Amino acid sequence: MPARVKYRKMHRGSRKGIASRDNSVDFGEYGLQALERCWLDTKTIEAARVAITRHMKRRGKLWIRVFPHKSFSKKPLEVRQGGGKGAIESWVAVVKPATVMFELDGVTETIAREAMRLAANKLPIRTKFIARHAHA
């Protein structure tokens, strides 16, 4: 979650469209690109990060390109309507199609491909493994 925000409770916002930024491999050699839109929870991002670093055995470098800037609130179950907006449930990162979520460098392509596959299994959306040299 962010260190501090101006307003804690946010509107839901729009998730339509395709990512116009963060849609190419900029830091590492290999990346994991989203093919669907979603809200990625903090726990989901952390689970994917752990899966990648465990498989790489702390070799190479990992960049996490998504950050949970957005809060979402939820009212408790069986509560009547009214009484204001609910308490903050969690923080999420807004992910649009074509967003590169994770990047890797310093490992072979086979290790990177397997690490990204393990991370993709933790995510609630379809993803694609991409390499920098394929785009150039």
Side-chain angles (χ1 to χ4, degrees):
M1 63 182 276
R4 57 187 286 273
V5 288
K6 191 165 183 181
Y7 301 108
R8 284 186 318 119
K9 296 178 181 178
M10 302 181 182
H11 291 207
R12 293 176 65 85
S14 170
R15 297 187 304 179
K16 69 179 185 161
I18 295 173
S20 58
R21 57 179 64 186
D22 301 333
N23 56 8
S24 61
V25 180
D26 293 331
F27 300 99
E29 193 61 36
Y30 308 104
L32 190 66
Q33 189 176 48
L35 296 177
E36 298 172 352
R37 66 190 80 247
C38 76
W39 280 354
L40 268 190
D41 195 8
T42 52
K43 295 184 189 98
T44 312
I45 296 169
E46 178 63 12
R49 183 197 68 80
V50 168
I52 291 171
T53 51
R54 280 225 179 111
H55 183 73
M56 291 195 323
K57 299 190 174 76
R58 300 211 321 261
R59 293 190 305 266
K61 180 154 174 53
L62 168 69
W63 287 268
I64 302 170
R65 300 279 307 273
V66 289
F67 185 82
H69 287 290
K70 184 180 196 59
S71 64
F72 83 92
S73 61
K74 194 173 181 183
K75 287 195 152 194
L77 289 172
E78 301 181 12
V79 170
R80 290 185 177 193
Q81 289 299 305
K85 196 170 167 80
I88 289 179
E89 180 82 5
S90 180
W91 291 82
V92 294
V94 178
V95 174
K96 292 181 176 183
T99 302
V100 176
M101 299 177 288
F102 300 96
E103 290 188 27
L104 280 176
D105 203 0
V107 291
T108 62
E109 183 171 351
T110 54
I111 291 173
R113 197 174 281 276
E114 180 61 17
M116 293 299 193
R117 186 190 69 79
L118 293 170
N121 288 337
K122 307 287 183 193
L123 301 174
I125 53 172
R126 291 185 304 117
T127 57
K128 182 168 83 172
F129 177 83
I130 57 173
R132 181 195 285 263
H133 56 266
H135 283 289

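By convention here, the first residue in the shown sequence is residue 1. Quantities reported herein were computed from a predicted structural model and do not represent experimental measurements.
Shown here for Pro68 and Ile45, the closest heavy-atom pair between the two residues is CD-CD1, 4.2 Å. Across all non-hydrogen atoms, the minimal contact from Ala48 to Leu123 is CB-CD2, 4.1 Å. Nearest approach of Leu40 to Pro124, heavy atoms of both residues: CD2-CD, 3.7 Å.
The side-chain contact (heavy atoms from CB on, under 4.5 Å) test with Leu104 singles out one residue from Ile111, Ile52, Val25, and that residue is Ile52.
Contacts of Arg49 classified as side-chain hydrogen bond (donor to acceptor under 3.5 Å, both in side chains), with partners at least two apart in sequence or in another chain: Glu46. Shown here are the ring-ring contact (aromatic ring centres under 6.0 Å, His included) partners of Tyr30, two or more places apart in sequence or in another chain: Phe129. Taking Arg65 as the reference, Asp22, Asp26, Glu103 meet the side-chain hydrogen bond (donor to acceptor under 3.5 Å, both in side chains) condition, with sequence neighbours excluded. Taking the side chain to side chain contact (heavy atoms under 4.5 Å, CB included) definition, one finds that Ala34 meets it with Val95, Met101, Ile125, sequence neighbours left out. In this view, Arg15 satisfies the side-chain hydrogen bond (donor to acceptor under 3.5 Å, both in side chains) rule with no residue, not counting sequence neighbours. Residues meeting the side-chain hydrogen bond (donor to acceptor under 3.5 Å, both in side chains) test with Thr53, sequence neighbours left out: none. Residues satisfying the side chain to side chain contact (heavy atoms under 4.5 Å, CB included) test with Asp105, not counting sequence neighbours, are Glu29, Trp63. The side chain to side chain contact (heavy atoms under 4.5 Å, CB included) search around Leu118 returns Ala51, His55, Glu114, not counting sequence neighbours.
Ser20 OG to Lys96 NZ: the interatomic distance, rounded to the nearest 0.5 Å, is 6.5 Å. Note: Glu89 CD to Asp41 CG = 8.5 Å, rounded to the nearest 0.5 Å. Interatomic distance, CD1 of Ile18 versus CG of Asn23, reported as 9.5 Å (0.5 Å rounding). With rounding to the nearest 0.5 angstrom, the OG atom of Ser73 is 9.5 Å from the CZ atom of Arg8.
Pairs passing the ring-ring contact (aromatic ring centres under 6.0 Å, His included) check and including a residue from residues 70-101, sequence neighbours excluded, read Trp39-Phe72. Sorted by first then second residue, the ring-ring contact (aromatic ring centres under 6.0 Å, His included) pairs that include residues 92-113, not counting sequence neighbours, number zero. For residues 68-85, the set of pairs meeting the salt bridge (charged side-chain N to carboxylate O under 4.0 Å, His left out) definition, not counting sequence neighbours, is empty. Screening residues 119-130 for side chain to side chain donor-acceptor pair (under 3.5 Å), with sequence neighbours left out, gives Glu36-Arg126.
A donor-acceptor pair is defined here as one N or O able to donate and one able to accept, closer than 3.5 Å; such a pair exists between the side chain of Arg37 and the backbone of Gly17.
In this structure, the side chains of Val5 and Ser71 stay at 4.5 Å or more apart for every pair of heavy atoms.
Note on Val107: it clusters hydrophobically with Ile64, by side-chain heavy-atom contacts below 4.5 Å among ILVMFWY residues. Criterion: ILVMFWY side-chain heavy atoms under 4.5 Å apart, direct or through other members. Under it, Val66 and Val92 are not part of a common hydrophobic cluster.
Within 6.0 Å of NZ in Lys9 there are more than 12 heavy atoms belonging to other residues, nucleotides or ligands.
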